[in-house]
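Only one structure is covered here, and it is reproduced in the block below.
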Amino acid sequence: MRVIYHPELKNISLAGVLYALGDPVRLEIVRRLAEETEQPCAALDCSLAKSTMSHHFRILRESGILYSRKEGTQYINSLRRADLDALFPGLLAAVLGSMQAVRTQ
């Protein structure tokens, strides 16, 4: 079985997190996970090719934003909210809040 890479807290950088959040598809994945807590990859489908979605999940996971665990035949994803809040207080809340403000305009 393939081991899924999740960086330790000391290896999560602000630059990496901001890079990962700099893509609209990844932002949408983060927003949906913030609302739903845990979701399988299929539930977060953004009408893109499976390989493209896998790329976005990998970027989010390797930057330290997502945690993925295998359950049966699927991967369940969740935000590493506590880790991100500990490292960068208020960052995730600010990003999600700005997305909400843009959506209501």
Side-chain angles (χ1 to χ4, degrees):
M1 184 165 87
R2 192 180 100 220
V3 176
I4 304 171
Y5 172 74
H6 296 94
E8 295 178 26
L9 264 103
K10 66 181 180 180
N11 295 327
I12 298 173
S13 70
L14 180 59
V17 170
L18 292 175
Y19 169 78
L21 294 173
D23 182 274
V25 172
R26 293 192 289 263
L27 270 176
E28 179 62 16
I29 292 169
V30 169
R31 183 193 67 76
R32 290 170 65 185
L33 283 172
E35 291 176 356
E36 301 293 327
T37 312
E38 284 191 330
Q39 290 288 316
C41 294
L44 298 165
D45 184 13
C46 295
S47 299
L48 297 171
K50 185 176 178 181
S51 61
T52 302
M53 290 301 293
S54 292
H55 169 75
H56 288 303
F57 283 114
R58 183 180 57 81
I59 296 292
L60 289 167
R61 193 174 50 252
E62 291 181 357
S63 68
I65 296 173
L66 282 188
Y67 178 78
S68 299
R69 64 182 166 78
K70 186 146 174 90
E71 190 172 287
T73 60
Q74 55 188 342
Y75 288 93
I76 307 298
N77 302 286
S78 59
L79 287 180
R80 292 178 64 177
R81 186 184 294 265
D83 292 343
L84 292 171
D85 287 344
L87 290 170
F88 315 112
L91 176 66
L92 195 54
V95 168
L96 294 170
S98 68
M99 288 178 69
Q100 182 63 30
V102 168
R103 294 179 92 200
T104 58
Q105 288 181 349

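Tyr67 and Met53 end up in different hydrophobic clusters when Ile, Leu, Val, Met, Phe, Trp and Tyr side chains are linked at under 4.5 Å. Following chains of ILVMFWY side-chain contacts shorter than 4.5 Å, one can reach Phe88 starting from Leu79, so the two form part of one hydrophobic cluster. Taken together through direct or relayed side-chain contacts under 4.5 Å among Ile, Leu, Val, Met, Phe, Trp and Tyr, Leu14 and Leu27 form part of one hydrophobic cluster.
Here Leu21 contributes atom CG and Ser63 contributes atom OG; the two are 7.0 Å apart, rounded to the nearest 0.5 Å. Between atom NE2 of residue His6 and atom CG of residue Asn11 there is a gap of 13.5 Å, rounded to the nearest 0.5 Å. Here CG of Asp23 is found 4.5 Å from NE2 of His56. Values are rounded to the nearest 0.5 Å. Atom CD1 of Ile12 sits about 9.0 Å away from atom CD1 of Ile65, to the nearest 0.5 Å. Taken from CG in Leu92 to CG in Leu87, the straight-line distance is 12.0 Å, to the nearest 0.5 Å.
Here the closest heavy-atom approach between residue Ala34 and residue Leu96 is recorded as CB-CD1, 3.6 Å. Taking each heavy atom of Pro40 and Asn77 in turn, the nearest pair found is C-ND2, 4.0 Å.
Qualifying ring pair (Phe, Tyr, Trp, His ring centres under 6.0 Å) partners for His55, counting only residues two or more places apart in sequence or in other chains: none. Here Glu71 pairs with Arg69 under the side-chain hydrogen bond (donor to acceptor under 3.5 Å, both in side chains) rule; sequence neighbours left out. Listed by chain and residue number, nothing satisfies the ring pair (Phe, Tyr, Trp, His ring centres under 6.0 Å) test with Phe57 (two or more places apart in sequence, or in another chain).
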Working for side chain to side chain contact (heavy atoms under 4.5 Å, CB included), residues Leu44 and Glu36: CA-CA 10 Å; Leu44 298 165; Glu36 301 293 327; over 6 Å; no
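By the 4.0 Å N-to-carboxylate-O rule, Glu28 lies close enough to Arg31 to be salt-bridged with it.
The salt bridge (Lys or Arg N to Asp or Glu O under 4.0 Å) pairs that include a residue from residues 81-97 are Arg80-Asp83, where partners are two or more places apart or lie in different chains. The stretch residues 59-68 participates, sequence neighbours left out, in these salt bridge (Lys or Arg N to Asp or Glu O under 4.0 Å) pairs: Arg58-Glu62.
Results of the side chain to side chain contact (heavy atoms under 4.5 Å, CB included) test with Leu66 over Leu33, Val30, Ile4 single out Leu33 as the only residue that passes.
Side-chain contact check for Leu91 versus Leu18: some heavy-atom pair is nearer than 4.5 Å.
Hydrophobic cluster membership of Ile59, counting Ile, Leu, Val, Met, Phe, Trp and Tyr whose side-chain heavy atoms lie under 4.5 Å apart directly or via other members: Tyr19.
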